[in-house]
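Heads up, the thing below is written out as structure tokens.
Residue numbers start from 1 in every chain, and the chains themselves are labelled A, B, ... in the order their sequence lines are given, proteins ahead of strands. Computed from heavy atoms alone, side chains included, the values below leave out hydrogens, waters and symmetry copies. Small disclaimer: the values here were computed from a predicted structure and weren't measured.
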Amino acid sequence: MIDYEYLKPASLDEVFDLMKKHGSKAELVAGGTDVMVFIKQGNHSPEVLISLRGLTDLCYIQKNSAYHIGALATHRMLEQSQLVKEELTALQQGSSQVGSIQVRNMGTLGGNICNAAPSADTAAPLLVLDAVAVLQSPEGQRRVPIEEFFIGPSETVKKNDEVLVEIEIPSEMGRFKTAYCKHARRQAMTLPIIGVSVGILLEKDVIADARIALTVAAPTPIRVRQAEDFLKGKPFEEGVLKEAGEIASSPECCMPRDSLRCEGWYREEMVRILIPRVAMAAVEE
Amino acid sequence: MAEYQYIGKSIPRTHETDKVTGRAIYIDDLKLPGMLYGKILYSSYAHARIKRIDTTRAKKLPGVRAVLTGFDIPDVRVGFIKDQTVLKRDVVRQFRDEVAAVAATSPEIAREALDLIEVEYEELPGLFDPFEAMQEGAPLVHELDARGRPLRTNILPLPWKFSAGDIEEGRRQSAYTVKDRVATTWVNQCCMGTSGCVADFDANNNLILYNQTNVIFGAKQRITDYFSKIGLKGKKIRVKNVVVGGSFGTKLDTDIYEFICLQLALKTKKPVKILFTREEEFKALPPRQPAIFNIEQGCDKEGRLTFRHAEAVLDNGAYTSWGVTTPSVMMTPMSSLYRVPNVFFKAVCVYTNNIYCQAMRGYGTPQATFAVETSMDRLAEEAGFDPAEFRMINRNKAGDITPMKLKITSCGLQECIEAVKEKLQWDEKKGQQKDRGVGMASLIHVAGGARVYKSDGHGIRIKVDEDGSVDVISGGTDQGQGSFTVLAQIIAESMGFTPDDVSFTIGDTSLGLWDAGTHASRHTFVAGNACILAAEKVRRQILEMSAELMPRIIQFGLKRRSRKDKDFQTPDLDLSLLSDPENLDIKKRMVYLKSDPDNPHYQVDVTQVLRQGLHVGTGESKTVMAEVFYDPPTQMLDREFKGNYSMTYAFGTTGAEVEVDRGTGQVKILKLVAAHDVGQSINPTLIKGQIYGAAYTGVGYALTEEIKVQKGKVMNPNFRDYQILTARDRIPVEAVLVEKGDEDGPYGAKGIGEPGLVPTAPAIANAIYDAIGVRINELPITPERVLDAIKAKEGDEAC
Ligand SMILES: Cc1cc2nc3c(=O)[nH]c(=O)nc-3n(C[C@H](O)[C@H](O)[C@H](O)COP(=O)(O)OP(=O)(O)OC[C@H]3O[C@@H](n4cnc5c(N)ncnc54)[C@H](O)[C@@H]3O)c2cc1C
């Protein structure tokens, strides 16, 4: 039967104490939109739920020498932030397509990343934006580039005694034009068949720098360096973008698999088709 | 056309405030004192022999009050052809086979107890493809029939074969023919409220079953039959509806969980509730059956259809529900959608180890219409006609008698096709390709009852109290469509009262007169006619009372007024005119003189008449009431499946404009026009609600919905992976009401419950063809299938 103790500490120190006390019997919960589903399905059965919702000071979106987003910032906050919309467009597009308004009101950016679903809607945008995950433990903080953060489906480098406190994005990423496409079978309450995010830094009409990231194309969200390298220094033209799509969809770059939700060949095809479209959309925004 | 007070007016629904404020009592909300909660253990295999069931541990769990297996209850067969038992104890034939059941003090404990039941199986090979199952020598899903005789085949012994005219003659007359194979798949009805019931026996084992059926008397019959076999013959049975959160076919038959609930309640001597989770709703409720058609049609040089030949194979799953009669309803579009002189249609239902199927909105006609209407488009192209023109040439007309002997008394098909053409700007847009396209498809459906049982009747009881309140008891049910708002409008119109005066008590076998069921798009038509007849009777009684009392009431009133007001000029009235009921009528609760309707001195409020007329004195008091049973003068289908089994038929045409993304294969619906011959709309808002909802389901059927079944197992039992459309998908549906009236319908109305869904998928498929020149013959039309077809075509062209 579903039964657990629910604790809501008011500070990070208390969180660490409780984590230490309850060890592997405990699970952290932020918005609960993943955790509660797992518990109900019987996949998780923690004896103690340690809520992070008392840590109201981790609920922010700021810009100074870099962009700082608190782990508890909700998708709805990101969706409605003018700053995110204008300067970190892909992330705004990712967050605004999570579930439904109700889910976005509850679900957090930190939860989306720590849950590490291969389909997480903010993962590809964060990869494109060179985000850094700031992890804290009683021993102190460490910073992990998001590209190294995911190691498998539902698996990250975060250690059991660590809490994700912030996502940091370098300020120069604000100069990139970015976009995210969630390719899905319907417009809401759905997971992507494939997720594609592209960032382009244009100098005149030449691509000075580029980022391409995919979700559901591999066991973890991935960056497609080969395609990015190909773009650098090239003119921003349809033919060039298409070529990048070809490279990214090749077996060296991505390996989408057959699943109940979609067959691999179609995912691969969508990588090819969508990369040029998302790049165009990023620049046109 | 007559001036109506309430007919054709969008009067708000009467009971919905309770729903939106959370007061309405659904099964989920219903709690009886001492009630227990039941849960069902399903099979772990698609096909297996049960070797051992051990319930010892489950029985020991605190809070568990009963654990039942097939060994604890009479091994009685139930179902449409009695091919299953309530709890299976020897062999399981599908994943949803009910193997054990628990009643406990909470749903959580019941759930936990299920995990403690040990079942040992010996897996048997499964049959998951109906074509394999049909082959000679295929293993048998059932070895014996209901009477214990050996079976030789997996093909169900049901005679679904229709023939009219001469197909060979039709072929000879054909200048063009087309032949195709189309396939449809399992879809779930997706009711917002999940299935469930509460069984409550008294100390003498008389039953009240609170459930959600839309066929209360059918449910009662099935339970009576079951009771007679389990030693409860003669016990009283009352079936009572709670508020129902949608049925769409799921509540037509009595489901196995209901029998299980009865057994748990008998065993524990407590009320027991079973309520499905959404997962159970997907896994353990029979969906719409997949059907594969081979269809061939021909036409002559002028474009007139010469013949239609179709054969269908339906995956029945492991057992048989009422839904297995869908082929008999498929015969309606197969034989009678458009004028076609020579028709052959045959359907076989095949046992497999897949989930078994049942009724769903449209009852087989969405599948059959997908076959007919995609074939019509191909034939139009083959013969060189515009698809709309081709349909016009072959359209049904009032006065037709179809090969199935359906009598078409009213028909707005021409107007529907024309409306779709106009709203879609068909002539400009058709054939432009450029990835945008238009397509259409039509439908025929029963719309004046459907004589599937010997009685297609509906009983109405009506009484009027002295305060003018009108109470009506109907044996019908409301599964969310709002028919009792519509019926209140009809009664108010017929009585000259207001809809606010009318209250309904529904869905209770102890109170209502017999009703065949709120199905087959029949409720407004059949119950509406019963309401008119009953309202006529009480109106007549009130008018007779008025003729007696009005002269006195008016005289008294005049006298009193002149006493109070010295200047009052007593009008010159001929009060004798009022003494004949024929001279009187009622409007907005006022009895008035027909020959001088605006003269206020000839009018009396109906409550004044009722007060004085009802409670009179010793031996003289009266009541105003009527009881009417209306059974439309239709025919049962004969042995050849011919006969006029409905009083009238609905026609309609859906047009779609789509845009196809050649890169992704995604189909976007730019516009959907659903034009329906509704006879006369009683309540336009409610009719449009029916049409919008049905169209949405139709779009899901066309593009996204599919129960994924792998080796008998439902793989996507949730709304994340079973993709119904959301509000965000914003399908722009425009409903067009064609109102030409129907001579037999209540105020001219025809049924509209199911039609909106029926032609949606073929209209979309035809529009996709117009957009990109590829035909997708299989539902749902997923982006993968579209892209695949585009690539195949490009490949062909490159060669
Ligand atoms: C109906 C529905 C629709 C959904 N649709 C989408 C969708 O379209 N796209 C999408 O990407 N996701 C979707 N989700 C999943 C979910 O909403 C998101 O992943 C969300 O961002 C999770 O955030 P949360 O705060 O609710 O996480 P929680 O459920 O609270 O936590 C998720 C995991 O992260 C851990 N965690 C959370 N915060 C921290 C932290 N600060 N430090 C360390 N560990 C932490 C928890 O221990 C847990 O393991 C959907 C969920 C539902 C229920």
Side-chain angles (χ1 to χ4, degrees), chain A residues 1-4 33-34 37-43 45 96-104 117 119 181-194 196 238 241-242 245-246 249 256 258-278 280-281, chain B residues 61-64 104-116 277-279 661-669 696 699-700 703-710 713-731 780-788 790-791:
Chain A
M1 212 181 337
I2 295 171
D3 194 13
Y4 49 78
T33 58
D34 279 314
V37 176
F38 296 141
I39 292 176
K40 207 171 162 196
Q41 287 171 342
N43 302 340
S45 38
S96 64
Q97 291 180 75
V98 169
S100 62
I101 292 175
Q102 295 89 328
V103 174
R104 298 199 286 277
S119 60
C181 170
K182 173 176 186 167
H183 188 59
R185 296 187 192 276
R186 65 182 178 204
Q187 299 295 314
M189 293 294 275
T190 192
L191 299 177
I193 292 171
I194 195 97
V196 176
E238 203 180 333
L241 300 175
K242 280 195 165 157
E246 296 291 347
S249 60
D258 287 339
S259 79
L260 185 71
R261 292 192 191 120
C262 185
E263 288 170 46
W265 73 265
Y266 182 79
R267 292 197 165 111
E268 189 184 305
E269 186 71 22
M270 289 308 101
V271 171
R272 194 171 67 79
I273 292 288
L274 293 175
I275 283 179
R277 288 192 188 182
V278 179
M280 280 293 181
Chain B
L61 187 73
V64 169
T105 49
S106 79
E108 292 77 17
I109 295 174
R111 181 65 279 240
E112 208 181 333
L114 293 185
D115 295 338
L116 300 176
T277 61
R278 181 60 62 186
E279 189 176 336
D661 184 327
R662 276 181 182 272
T664 63
Q666 282 180 316
V667 175
K668 186 172 176 197
I669 296 187
Y696 250 71
V699 175
L703 299 180
T704 60
E705 290 186 40
E706 176 176 23
I707 302 180
K708 295 196 171 138
V709 181
Q710 283 178 6
K713 190 167 196 168
V714 174
M715 304 302 287
N716 55 341
N718 56 61
F719 280 133
R720 181 190 59 207
D721 296 323
Y722 182 94
Q723 300 244 315
I724 60 168
L725 295 164
T726 69
R728 257 293 192 93
D729 292 282
R730 290 191 205 94
I731 310 295
I781 304 173
T782 58
E784 290 92 323
R785 284 185 175 140
V786 173
L787 204 57
D788 218 19
I790 291 173
K791 284 180 182 295

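To the nearest 0.5 angstrom, Lys40(A) atom NZ is 8.5 Å from Thr277(B) atom OG1. In this structure, CD1 on Ile724(B) lies 9.5 Å from CE on Met189(A), to the nearest 0.5 angstrom. Rounded to the nearest 0.5 Å, atoms CD (Gln41(A)) and CG (Asn718(B)) are 8.0 Å apart. Atom CZ of Arg730(B) is separated from atom CD of Gln187(A) by 7.5 Å, given to the nearest 0.5 angstrom. Once rounded to the nearest 0.5 Å, the distance linking CZ of Arg662(B) with CD1 of Ile273(A) reads 11.5 Å.
With a threshold of 4.5 angstrom between heavy atoms, Asp788(B) approaches chain A through its backbone and through its side chain. Gln710(B) touches chain A through its side chain: at least one heavy atom from C-beta onward sits under 4.5 Å away, while N, CA, C and O do not. For Thr704(B), the part sitting under 4.5 Å from any heavy atom of chain A is the side chain, from C-beta outward, and nothing else. Only the side chain of Leu274(A) comes within contact range of chain B, with at least one heavy atom under 4.5 Å from a heavy atom of that chain. When heavy atoms are compared at a cutoff of 4.5 Å, Arg720(B) approaches chain A by way of both its backbone and its side chain.
Taking both residues in full, the closest heavy atoms of Met715(B) and Leu260(A) are given as O-CD2, 3.3 Å, listed atom of the first, atom of the second, then distance. Scanning both residues, Tyr266(A) and Leu787(B), for their nearest heavy atoms gives CE1-CD2, 3.6 Å.
Salt-bridge check for Glu269(A) with Lys791(B): passed, with a basic side-chain N closer than 4.0 Å to an acidic carboxylate O. Look at Glu784(B) and Arg185(A) and you find a salt bridge, because one of the NZ, NE, NH1 or NH2 atoms lies within 4.0 Å of a carboxylate O, short of that distance.
The environment of Tyr4(A) atom OH is sparse: at most 12 non-hydrogen atoms of other residues, nucleotides or ligands sit within 6.0 angstrom.
Looking only at heavy-atom pairs under 4.5 Å with chain A, the residue among Gly663(B), Ala727(B), Gly665(B) that has the most is Gly663(B).
Within the 3.5 Å criterion, the main-chain N or O of Asp721(B) finds no donor-acceptor partner in the side chain of Arg261(A).
Shown here are the salt bridge (Lys or Arg N to Asp or Glu O under 4.0 Å) partners of Lys242(A), two or more places apart in sequence or in another chain: Glu238(A).
At a threshold of 4.5 Å between non-hydrogen side-chain atoms, the residues Arg728(B) and Thr190(A) do not count as touching.
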